Engineer: 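Please read through the structure below; I'll follow up with questions.
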There are 2 protein chains.
Amino acid sequence: MDFTPLFHNFAKHITLTKTEEKYITSLLDFKIIKAKEFLVQQGEISKQSAFVLNGCLRGYTIDSEGTEHVLSFAPKDWWIADMYSLLSQKPGNLNIEAMVDTEVALISKTNQDLMYEKVPKLERFFRIIIEKSLVAYQQRLNDNLSLTATERYMKFCKTYPQLINNIPQKQIAAYIGVTPEFLSKLRAKQVKAK
Amino acid sequence: MDFTPLFHNFAKHITLTKTEEKYITSLLDFKIIKAKEFLVQQGEISKQSAFVLNGCLRGYTIDSEGTEHVLSFAPKDWWIADMYSLLSQKPGNLNIEAMVDTEVALISKTNQDLMYEKVPKLERFFRIIIEKSLVAYQQRLNDNLSLTATERYMKFCKTYPQLINNIPQKQIAAYIGVTPEFLSKLRAKQVKAK
DNA sequence: ATCATTTCTTAATCTAGGTTAAGTATTTTC
DNA sequence: GAAAATACTTAACCTAGATTAAGAAATGAT
């Protein structure tokens, strides 16, 4: 139940007093999510955001054919939530699942709104991290519109070198938007090319 | 040079005093961008965000093959910027072009930072609109991963009914991620189906 | 009004990536 | 540590959407 990684994360963009840190801590929950268990499942109304203290989560949807699409991986020090459901308070279509046993700090929507009132600096913090997240999604959308599968895979390898050998390939396929079979074919070709 | 649509936009999420409105007005620029002229071009370092008072802008990239990809349309009352370049202060790869003669309110990055200091409520305002924008991009990425071209076209028609008959089809194609020829084929099929 | 430019359509042909299926690792579980 | 489940590979075949090309329609400029 050690929230220091979270406060390090805050410190990247804002400075909090000890009192503020204590206050924020009082509004947090701590949770261990076992591998393959869910933080959020589609159809639910999301009540909280998560910060990964260690381990790794992934957020994915399942389409009408039953195919999974990974919208985000959240390794240590990343934030993840079903923003759509959290903001609209309608049932979401995101599943957030632990890839390994994962420790998270949770902030309920209610407490987050409280925090914004009591510690307005946090508005800035979340504005900044959401801005960065927005840029990343714009970039990724653009990649999906303009790059080939091979190029997207190479980019993934560059962007997430720590994940590449630690997660199942089929989940990388579900992130870059190809079938596992096709990714396998791509990789075989790349190996041969060397 | 009438900024009232902008203050209506602010009023959706925060309440400003007359004094604050005057202060903010002093930090804004007004500009008319003629049809086919640019607010921002790839390679430039973005210095400002734009709010569309009337008219319509579009943000697009050009890939290595010379193909355009539309990342966003910004009709009246929308915000648009090359967030990547604005935040990183590196050369961007977005082009923001007027589709018709367009009036915009501009906020320079410097003035926006000033505004945040003087009127902290604006942190909340921008946090909220960026959150919404993030949800929209996540949704769109998911659509690109999970829907067919036909489904994406139908969704576009639902989402932007006001644009559908007012912008060139090739730009809708560049938004949903197909060639103009293929979109034309899709539409011919839909008409026949009726 | 006329010519030039841009947009849209149609159709033939092509290809990146999907599907199906079967076999081979690799993990997980008890 | 064996059986079961999951992940990965390979290969033949298939299809949604791309490419190329040429003509028709609409829009804009003079």
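Because the structure is predicted, anything quoted here is derived from the model rather than measured. Keep in mind that the numbers below use all heavy atoms, side chains included, and drop hydrogens, waters and symmetry copies. Quick note on labels: first sequence line is chain A, next is B, and so on, each numbered from 1.
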Engineer: Report the residues that fulfil ring-ring contact (aromatic ring centres under 6.0 Å, His included) with Phe7(A), sequence neighbours left out, ordered by chain and then residue number.
Structural biologist: Phe10(A)
Engineer: Answer yes if Tyr175(B) and Val100(B) sit in the same cluster of Ile, Leu, Val, Met, Phe, Trp and Tyr residues linked by side chain heavy atoms under 4.5 Å apart, and no otherwise.
Structural biologist: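 In one cluster with Tyr175(B): Val100(B), no.
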Engineer: Figure out the NZ/P separation between Lys189(B) and dT15(D), and round it to whole Å.
Structural biologist: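 Distance check: Lys189(B) NZ to dT15(D) P gives 13 Å.
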Engineer: Take the protein atom CZ of Arg187(A) and the nucleotide atom P of dA7(D), then report the distance between them rounded to whole Å.
Structural biologist: 15 Å
Engineer: What parts of residues 144-178 of chain A reach DNA chain C, counting only heavy atoms under 4.0 Å away?
Structural biologist: Thr148(A), Ala149(A), Arg152(A), Gly177(A), Val178(A)
Engineer: What is the distance, to the nearest angstrom, from the CZ atom on Phe182(A) to the P atom on dA11(D)?
Structural biologist: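 It is 15 Å, rounded to the nearest whole Å.
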Engineer: Give the minimum heavy-atom separation between Ile130(B) and Ile130(A), together with the two atoms involved.
Structural biologist: CG2-CG2, 3.5 Å
Engineer: Between Pro91(B) and Gly43(B), what is the shortest heavy-atom contact and its length?
Structural biologist: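 Distance-wise, the nearest heavy atoms are CB-O, 3.2 Å.
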Engineer: At 10 degrees resolution, what angle do the end axes of the helix from dA1(C)-dT30(D) to dC30(C)-dG1(D) form when each is taken over five base pairs?
Structural biologist: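 Here the helix ends are tilted 70° relative to one another.
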Engineer: Enumerate all atom pairs, one protein N or O and one N or O from nucleotides 22-30 of chain D, separated by less than 3.5 Å.
Structural biologist:
none

Engineer: Counting distance only, does the side-chain N/O of Asn95(A) pair as donor-acceptor with the main-chain N or O of Gln42(A) below 3.5 Å?
Structural biologist: yes
Engineer: Does a salt bridge link Lys34(A) with Glu37(A), judged by any charged N lying under 4.0 Å from a carboxylate O?
Structural biologist: no
Engineer: If you count every heavy atom of other residues, nucleotides or ligands that lies below 6.0 Å from Lys90(A) atom NZ, does the total exceed 12?
Structural biologist: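 Counting other residues, nucleotides and ligands, NZ of Lys90(A) stays at 12 neighbours or fewer.
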Engineer: Taking the basic N atoms (NZ, or NE/NH1/NH2) and the acidic carboxylate oxygens, is any pair closer than 4.0 Å for Arg58(B) and Glu68(B)?
Structural biologist: yes
Engineer: Identify whether the distance between the nearest side-chain nitrogen and carboxylate oxygen of Lys121(B) and Glu20(B) falls below 4.0 Å.
Structural biologist: yes
Engineer: Got a donor-acceptor contact below 3.5 angstrom from the Gln41(A) side chain to the Phe38(A) backbone?
Structural biologist: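 Answer holds: no.
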Engineer: For a 4.5 angstrom cut-off between non-hydrogen side-chain atoms, does Phe73(A) reach Gln171(A)?
Structural biologist: yes
Engineer: Walking along DNA chain C from 5' to 3', note the first and the last nucleotide with an atom under 4.0 Å from a heavy atom of chain B, and give both.
Structural biologist: dT7(C) to dT10(C)
Engineer: Quick test of your reading: applying side chain to side chain donor-acceptor pair (under 3.5 Å), list the pairs with at least one residue in residues 126-135 of chain A, sequence neighbours left out, ordered by first then second residue.
Structural biologist: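 Qualifying pairs, neighbours excluded: Arg127(A)-Glu131(A), Arg127(A)-Glu123(B).
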Engineer: Between Ile107(B) and Trp79(B), is there a side-chain heavy-atom distance shorter than 4.5 Å?
Structural biologist: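 Yes, their side chains come closer than 4.5 Å.
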